[in-house]
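A quick write-up on the structure given underneath.
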Amino acid sequence: QLNRIISPRSFVGGGSGNTLGSSSSHSSIVAGQSNTIASSTYSVVVGGRRNSLTSATQSFIGGGSGNTIPSGAYSVIVGGQSNRSRAGYSFIGGGKGNTGTTTSTFSSIVGGDSNFHNISSRSFIGGGRNNTVKSSVQASILGGAENTLDTANSSFIGSGVYNVISGSSTQSIIVGG
């Protein structure tokens, strides 16, 4: 398949089936297969397969497969599979199936599987599986599985399984368990 460029002042360097769509000037796709940038100026996809940036100005996807930033300026996904970031100023460092929603700005998911940020700005998930931070500002889960921070501003779960801090429980800590 051929690579396509529709936007001016843009670059596609190698790979196949890559598309740099309209309203994406000053953007680049470097290698990979079937990667797409659309309506995202100053953005970059480096390698990987079926990665997509749409309406994500000054954002970056570095490899992996099926990673998407469908909105959210200044966001980064570095590898992994099927990660999705809709929040501005956010970071997903890899893993699989991790998600950050539009209202989770300045938040990070470092890795793991199926971790989720929702309405949680300036929050952090280190890794693990199926951990959730929702409706919580400046909250962190380091790892573990099935842990939840829900309406728990400035709260922390270290690790463990099925730990929950909820109900406006601000500045609370569960170390593990």
Side-chain angles (χ1 to χ4, degrees), residues 24 27 37-46 48 51-177:
S24 298
S27 293
I37 297 177
S39 301
S40 302
T41 57
Y42 302 99
S43 294
V44 178
V45 173
V46 178
N51 295 308
S52 174
L53 289 167
T54 307
S55 300
T57 299
Q58 298 185 37
S59 293
F60 174 86
I61 295 177
S65 174
N67 295 311
T68 60
I69 302 176
S71 62
Y74 311 102
S75 295
V76 174
I77 296 176
V78 182
Q81 180 182 9
S82 302
N83 295 306
R84 182 180 178 95
S85 177
R86 297 184 69 106
Y89 306 93
S90 65
F91 174 84
I92 296 177
K96 180 179 179 186
N98 296 306
T99 302
T101 65
T102 55
T103 52
S104 295
T105 56
F106 304 104
S107 293
S108 298
I109 298 173
V110 176
D113 176 25
S114 302
N115 294 306
F116 183 66
H117 269 234
N118 185 29
I119 315 172
S120 299
S121 65
R122 298 180 301 281
S123 294
F124 175 86
I125 297 174
R129 184 173 164 277
N130 288 331
N131 293 308
T132 300
V133 178
K134 61 182 177 180
S135 302
S136 302
V137 176
Q138 298 172 333
S140 298
I141 296 174
L142 289 186
E146 309 287 340
N147 295 308
T148 301
L149 293 171
D150 182 1
T151 319
N153 294 344
S154 302
S155 292
F156 172 87
I157 295 175
S159 190
V161 181
Y162 299 113
N163 295 302
V164 176
I165 299 176
S166 66
S168 300
S169 299
T170 63
Q171 302 175 341
S172 298
I173 297 174
I174 295 176
V175 177

- Task: Rounded to the nearest 0.5 Å, what's the gap from OG1 on T132 to CD on E146? Could you check?
- Result: 8.0 Å

- Value rounded to 0.5 Å, distance of CZ in F106 from OH in Y89: 5.5 Å

- Query: What residues, two or more places apart in sequence or in another chain, satisfy ring-ring contact (aromatic ring centres under 6.0 Å, His included) together with F60?
  - Reply: none

- Which atoms form the tightest heavy-atom contact between N83 and I77, and what is the distance? O-CD1, 3.8 Å

- Message: Treating S43 as the side-chain partner and Q58 as the backbone partner, does any N or O pair qualify as donor plus acceptor under 3.5 Å?
- Response: yes

- Message: To the nearest 0.5 Å, what is the distance between OG on S107 and CD1 on I125?
- Response: 8.5 Å

- Just how far is it from atom CD1 of I109 to atom CD1 of I92, taken to the nearest 0.5 Å? 5.0 Å

- Got a sec, which residues hit side-chain hydrogen bond (donor to acceptor under 3.5 Å, both in side chains) with S75, two or more places apart in sequence or on another chain? S90

Check residues 149-158 and write down every donor-acceptor pair under 3.5 Å in which the side-chain atom is one partner and the other belongs to a residue at least two apart or another chain.
| from | atom 1 | to | atom 2 | distance (Å) |
| --- | --- | --- | --- | --- |
| N153 | OD1 | V137 | N | 2.8 |
| S155 | OG | A152 | O | 3.3 |
| S155 | OG | N153 | O | 3.4 |
| S155 | OG | S169 | O | 2.9 |
| S155 | OG | Q171 | N | 3.4 |
| S155 | OG | S172 | N | 3.0 |

- Task: Could you pull out the closest heavy-atom pair between F91 and V78, with the gap in Å?
- Result: CE1-CG2, 3.9 Å

- Query: Who are the side-chain hydrogen bond (donor to acceptor under 3.5 Å, both in side chains) partners of N163, not counting sequence neighbours?
  - Reply: N147

- Item | Under 3.5 Å donor-acceptor, T103 side chain and I119 backbone | yes

- Does a side-chain heavy-atom distance below 4.5 Å link S166 with T148? no

- Message: Which residue is it: N130, N98, T99? I am looking for the one with a side chain to side chain contact (heavy atoms under 4.5 Å, CB included) to S114.
- Response: N130

- Taken in chain and number order and not counting sequence neighbours, the residues that satisfy ring-ring contact (aromatic ring centres under 6.0 Å, His included) with Y162 are none

- Item | Any donor-acceptor pair under 3.5 Å from N67 side chain to N51 backbone | no

- Query: Nearest heavy-atom pair of R86 and P70: which atoms, and what distance?
  - Reply: CG-CG, 3.6 Å

- Note on the structure: Nearest heavy-atom contact between T105 and T102 is CG2-O, 4.1 Å

- S40 side chain to S24 main-chain N or O, any donor-acceptor pair under 3.5 Å? no

- Between S59 (side chain) and G72 (backbone), is there a donor-acceptor pair under 3.5 Å? yes

- Which atoms form the tightest heavy-atom contact between G128 and N115, and what is the distance? O-ND2, 3.3 Å

- Donor-acceptor pair, N131 side chain versus G144 backbone, under 3.5 Å? yes

- Item | Residue pairs fulfilling side-chain hydrogen bond (donor to acceptor under 3.5 Å, both in side chains) with at least one residue in residues 118-129, sequence neighbours excluded | T101-N118

- Answer whether the closest heavy-atom distance between the side chains of L142 and S159 falls below 4.5 Å. no

